[in-house]
Amino acid sequence: MSTTIDTDERHPLPSYTHNIHSSHAQHEEDISTEHPPAATYLIPIDLSPSSLQALQYAVASHSPISTDQHTKFVLLHVLAESSVADLFYADEVSGTNLLSSKLREDSKKVADFCAPVLKPTASLAVVVDVRIGSPGEVICQAAKEFKARRVIMGSRGLGFVKRMLLGSVSTFTIEHSRVPVSIVKLEDDGSVEIEEYPGHRHH
């Protein structure tokens, strides 16, 4: 079974992005100084309780509080290459669209998973972005492409020893992200802890 996908610049890995709620500002033909550009926050969603907790924190802390503010939440879902390689090569051989269908299906799963937490308003845009790759690298790249103000992500609260042994997507993001990172840690006892880290502009 293939675990990686051979691609090049002419044949990049596919991705799928769609709006599940568009802010009023996105439909304005003439956005004046009264409607500044959206503040964008990237929230990685892996369909875990900790990622949903991160979204809840984002909604509570960064949702627009007036119609003069315009905010965008990018819900990023990352698929490992090993999980979709067979679909990629099946499409290459048979001319099917299995991988594209998989990306659309996962996008809907993310939207449905997050729906109970989101509170759409006229000033809030929500985008689901599904990509393939190594989660930490994809998160940092997406934050750059979307010009995110901050990455807000969940963490299962792994201890130091476990992080050293297993590695951690949140640790990679903290060490490589160009923008600030908020880690929303969901502890075993149900409590939540927020850790803030600065971005690394030199990366």
Side-chain angles (χ1 to χ4, degrees), residues 14-79 103-133 135-136 138-156 169-170 173-174 177-186 192-199:
S15 62
Y16 182 74
T17 304
H18 83 283
N19 295 311
I20 60 176
H21 182 75
S22 298
S23 71
H24 177 69
Q26 289 181 310
H27 299 288
E28 295 268 352
E29 294 184 1
D30 179 21
I31 301 179
S32 67
T33 56
E34 295 180 359
H35 299 284
T40 300
Y41 298 93
L42 185 77
I43 303 111
I45 300 292
D46 62 2
L47 305 181
S48 68
S50 58
S51 67
L52 192 62
Q53 187 68 55
L55 179 58
Q56 290 175 326
Y57 171 77
V59 169
S61 303
H62 299 290
S63 290
I65 59 176
S66 74
T67 56
D68 291 335
Q69 296 178 314
H70 298 280
T71 300
K72 177 189 289 184
F73 288 164
V74 178
L75 311 180
L76 176 67
H77 185 62
V78 184
L79 299 172
L103 297 179
R104 287 195 297 270
E105 289 171 3
D106 278 36
S107 176
K108 185 178 185 304
K109 287 181 182 178
V110 171
D112 291 344
F113 178 76
C114 296
V117 174
L118 293 171
K119 300 176 182 178
T121 70
S123 301
L124 175 63
V126 182
V127 175
V128 177
D129 188 42
V130 182
R131 302 191 183 196
I132 301 167
V138 172
I139 290 169
C140 293
Q141 181 62 31
K144 178 181 176 182
E145 291 178 10
F146 280 101
K147 298 180 180 179
R149 178 174 294 183
R150 178 175 294 273
V151 175
I152 302 173
M153 60 190 301
S155 172
R156 292 180 178 84
V169 175
S170 57
T173 305
I174 290 166
S177 175
R178 293 187 177 188
V179 303
V181 179
S182 297
I183 301 296
V184 182
K185 296 178 65 176
L186 183 60
V192 175
E193 179 182 348
I194 311 299
E195 297 180 352
E196 305 282 359
Y197 297 90

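Applying the side-chain hydrogen bond (donor to acceptor under 3.5 Å, both in side chains) test to Ser61 and every residue at least two apart in sequence or in another chain returns nothing. Judged as a side-chain hydrogen bond (donor to acceptor under 3.5 Å, both in side chains), and not counting sequence neighbours, Thr40 has no contacts. When the side chain to side chain contact (heavy atoms under 4.5 Å, CB included) test is applied to Ala58, the partners found at least two apart in sequence or on another chain are Ile43, Phe73, Ile152. Listed by chain and number, the residues in a ring-ring contact (aromatic ring centres under 6.0 Å, His included) with Tyr41 are His62 (sequence neighbours excluded). For Glu145, the side chain to side chain contact (heavy atoms under 4.5 Å, CB included) criterion is met by Arg131, Gln141, not counting sequence neighbours. Residues passing the salt bridge (Lys or Arg N to Asp or Glu O under 4.0 Å) test with Lys108, sequence neighbours excluded: Asp112. In this view, Gln56 and Gln53, Val117 satisfy the side chain to side chain contact (heavy atoms under 4.5 Å, CB included) rule, not counting sequence neighbours. The side chain to side chain contact (heavy atoms under 4.5 Å, CB included) test applied to Val78 returns Leu76, Pro135, Val138, not counting sequence neighbours. Not a single ring-ring contact (aromatic ring centres under 6.0 Å, His included) links Tyr57 to another residue, sequence neighbours left out. Not counting sequence neighbours, Glu105 has no partner by the salt bridge (Lys or Arg N to Asp or Glu O under 4.0 Å) test.
With contacts defined as side-chain heavy-atom distances shorter than 4.5 Å, the pair Leu79/Leu103 qualifies. Two residues are said to be in side-chain contact when any heavy atoms from C-beta on lie closer than 4.5 Å; Leu118 and Leu55 meet this criterion. Counting heavy atoms from C-beta on, the side chains of Lys72 and Val126 never come closer than 4.5 Å. Between His77 and Val128 the shortest side-chain heavy-atom distance does not fall below 4.5 Å.
The minimum heavy-atom distance linking Leu42 with Ala143 is given by the pair CD2-N, 3.8 Å. Across Val169 and Gly136, no two heavy atoms sit closer than the pair CG1-N, 3.9 Å. Residues Ser177 and Val151 come closest through the heavy atom pair OG-CG2, 4.3 Å. Closest approach of Thr173 to Cys140, counting heavy atoms only: CA-SG, 4.1 Å. When all heavy atoms of Ser51 and Asp46 are compared, the pair lying nearest together is OG-OD1, 3.1 Å. Closest non-hydrogen pair, Gly154 versus Ala54, comes out as N-CB, 3.4 Å.
Note that CD1 of Ile174 is 10.0 Å distant from OG of Ser182, once rounded to the nearest 0.5 Å. Taking CD1 of Ile139 as the start and CE of Met153 as the end, the distance is 4.0 Å to the nearest 0.5 Å. If you take OG1 on Thr17 and CG on Leu75, they are separated by 11.0 Å, rounding to the nearest 0.5 Å. Separating the CD1 atom in Ile183 from the OG atom in Ser155 is a distance of 6.0 Å, to the nearest 0.5 Å.
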Quick one, Val192 with Lys185, criterion side-chain contact (heavy atoms from CB on, under 4.5 Å). Give me CA distance, side-chain angles, the key distance, then yes/no. CA-CA 6 Å; Val192 175; Lys185 296 178 65 176; over 6 Å; no
